[in-house]
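See below for the structure under consideration.
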Amino acid sequence: MVVKIYGHAIAPAVKLVVQVCKEKEIPYEVVPVAVYKGEHKTPAFRQFQPFGQVPYIDDDGFILYEYRAICRYLVKKYEGQGTPGLIPNDPKSEALFEQAASIEYANFYPFALGLVTEKIIKKHRGLPADEARVDEYLKTLEAKLDAYNDILGKQAYLAGETLTLADLFHLPYAAIVIEELRCDVLKGRPNVARWWETISARPTWQAVKDTA
Amino acid sequence: MVLQLYGFPTSTCTLRVALVLKEKNVPFKFHMVDLAKGEHKAPGFVAHQPFGQVPYIVRTTRDDDGLVLFESRAIARYIATKYASQGTALIPTDAKKLPFFEQAASIETSHYDPFVSGLAWELRFTTWFGGKTDEAHVKSLHAQLKNKLDAYEVILSKQKYLAGDEITLADLFHLPYGAVILADDIKIDEFSSRPNVNRWWKDISSRPSWQAIKDGLKVE
């Protein structure tokens, strides 16, 4: 069965779900949601996603939202195919995976999202960026990436020696911050640069990242 | 050897871990990290927690070479999984229910934590460190929190807890910052006016595990 991903194809969260489908060789279909017309804020949409955001999935009638939860669901359901080990099974590796997954949403995502909101989303809405806030986000993100540099100096990926979902979770927003906004956050952080080059070079991400 | 918890007695994230230890009846020894003295930024600490934050745990047993773990929600998941057969069940094992737990856990981090922790920072913690409250930011965070809790109200009108009809870690994760914004120095109450949210909040906040630690951990 084809997993239906309801969302705007260029949305970072949608790109990530698509990328994970590719990693796990899951047939999928992106069903467009007219976000520019506010379709995601309508009562009909909110029946499936009460916060009025994309994406949500319909997997043969099973509805799920929150893109990290969607990715976890797909990885577990299709454990036996595609890229292995994206969520480890043994207790110690699983604990370190959860630590890495938490690092992503607590120590990376808020600051990356903040930069994207100020420099891109606000621009779309004709609002000026709050430059003081931009400086704050960048400063905090750089300090966080110093810690990433320490961690990644001891191991290849965020949870250990093998790639997990926790690394992939970084892809969409890190790509915007590094490549689109050209924030020079890799400079002086060679381990982060190595890790970023490795994960962003994955063919599954290359296939999705420039979706227009 | 008993599980060692390194943190600060009233830190929200430290309490998040202690709460789950209590729910699972797991004994632990609490070590205070002196934040005022910058102990969390010292090399000895950063060796265990590279982001210089509390809490972290150390668990050593005879059969493994020990585990150091940080990030409060990851620690909570580890405890809930390792001690699955004792105390309250906090992560579903049923493959049909697990995705809804993950959805609920993500709801807490995306649609609740940024706003309540932001409000806690602006209205309490920043002043502790000589900062000034950014009133415009407070207004924005408060407005967003209201919208988010309107969605919670809809979800909780159909089921008892955030992941379904059974309590999970996702519900408990809301307690520490929820308690901070309800406190006397902040008094932001967006729960009482929403009947289902109110019912849910009263349920989770009255649990003996939370009541036992909500005023802070004792330093032995």
Side-chain angles (χ1 to χ4, degrees), chain A residues 13 43 46-47 49-53 56-57 59 62-77 79 87 91-110 113-114 130 132-133 136 143-154 159 166, chain B residues 13 46-47 49-53 56-57 59 64-82 84 91 95-96 98-114 117-118 134 136-137 140 147-148 150-158 163 170:
Chain A
R46 282 186 193 266
Q47 279 211 15
Q49 215 289 14
F51 296 93
Q53 292 177 333
Y56 72 85
I57 60 161
D59 183 19
F62 178 73
I63 308 287
L64 200 68
Y65 57 91
E66 295 298 302
Y67 70 91
R68 294 180 186 84
I70 292 170
C71 292
R72 284 171 174 261
Y73 163 74
L74 292 171
V75 164
K76 291 222 144 155
K77 184 175 176 185
E79 200 166 353
I87 298 178
K92 197 162 178 180
S93 305
E94 191 186 4
L96 294 170
F97 159 72
E98 291 296 352
Q99 179 179 274
S102 184
I103 289 172
E104 186 269 325
Y105 65 63
N107 288 300
F108 170 77
Y109 179 70
L113 178 67
D130 180 338
R133 212 155 261 289
E136 215 179 289
K144 297 295 187 182
L145 291 176
D146 285 338
Y148 271 68
N149 201 55
D150 289 339
I151 297 169
L152 294 165
K154 298 172 189 159
Chain B
C13 298
V46 172
Q49 215 291 14
F51 295 92
Q53 293 171 322
Y56 72 88
I57 62 160
R59 193 178 167 273
D64 65 49
D65 51 320
L67 181 66
V68 177
L69 209 58
F70 58 90
E71 292 297 309
S72 62
R73 295 174 186 83
I75 297 168
R77 282 171 175 261
Y78 168 72
I79 295 161
T81 304
K82 180 138 190 95
I91 299 179
K96 290 207 177 84
L98 185 63
F100 296 120
F101 161 71
E102 293 296 353
Q103 181 179 272
S106 180
I107 288 171
E108 188 266 325
T109 64
S110 318
H111 302 290
Y112 176 82
D113 186 81
S117 66
D134 179 342
H137 195 211
S140 164
N147 282 334
K148 296 300 186 180
D150 286 342
Y152 272 65
E153 182 65 13
V154 171
I155 295 167
L156 294 166
S157 70
K158 300 173 189 165

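Atom set for the values below is all heavy atoms of this structure, side chains included, hydrogens, waters and symmetry mates excluded. The structure presented is a predicted model; accordingly, all values stated were derived computationally and were not measured.
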- Message: Ring-plane angle category for A:Tyr148 and B:Phe51, please: parallel below 30°, perpendicular beyond 60°, tilted otherwise.
- Response: perpendicular
- Message: With a 4.5 angstrom heavy-atom cut-off, is it the side chain or the backbone of B:Asp134 that approaches chain A, or both, or neither?
- Response: side chain
- Which bit of B:Pro99 is near chain A, if near means a heavy-atom gap under 4.5 Å: side chain, backbone, both or neither? both
Interatomic spacing from [atom1] in [X] to [atom2] in [Y] - rounded to 0.5 Å:
X	Y	atom1	atom2	value
B:Gln53	A:Lys144	CD	NZ	4.0 Å
A:Ile87	B:Glu102	CD1	CD	7.0 Å
A:Tyr56	B:Gln103	OH	CD	12.5 Å

- Message: Holding to side chain to side chain contact (heavy atoms under 4.5 Å, CB included), I want the full list of residues that pass it with B:Val46, two or more places apart in sequence or in another chain.
- Response: none
- Item | side chain to side chain contact (heavy atoms under 4.5 Å, CB included) partners of B:Thr81, counting only residues at least two apart | A:Glu94, B:Ile91
Of the non-hydrogen atoms in [X] and [Y], which two are nearest, and what is the gap between them?
X	Y	result
A:Ala95	B:Leu69	O-CD1, 3.7 Å
A:Glu66	B:Ser106	OE1-OG, 2.6 Å
A:Ile63	B:Phe100	O-CE2, 3.8 Å
A:Ser102	B:Ala74	CB-CB, 4.4 Å
A:Gln99	B:Val68	OE1-O, 4.0 Å

For [X], which atoms come within 4.5 Å of any heavy atom of chain B: side chain, backbone, both, or neither?
X	answer
A:Leu64	both
A:Phe62	side chain
A:Tyr65	both
A:Arg133	side chain
A:Lys76	side chain

Using side-chain heavy atoms (C-beta onward) and a distance below 4.5 Å, is [X] in contact with [Y]?
X	Y	result
A:Asn107	B:Glu71	yes
A:Phe51	B:Ile155	yes
A:Tyr73	B:Leu98	no

- Message: For the interface with chain A, which of B:Ile75, B:Ile107, B:Asp150, B:Asn147 has the highest count of heavy-atom pairs at distances below 4.5 Å?
- Response: B:Ile107
- Item | Choice from B:His111, B:Lys96, B:Arg73 maximising heavy atom contacts with chain A below 4.5 Å | B:His111
- Message: I'd like to know which of A:Asp150, A:Ile151, A:Leu96, A:Ile103 tops the heavy-atom pair count under 4.5 Å against chain B.
- Response: A:Ile103
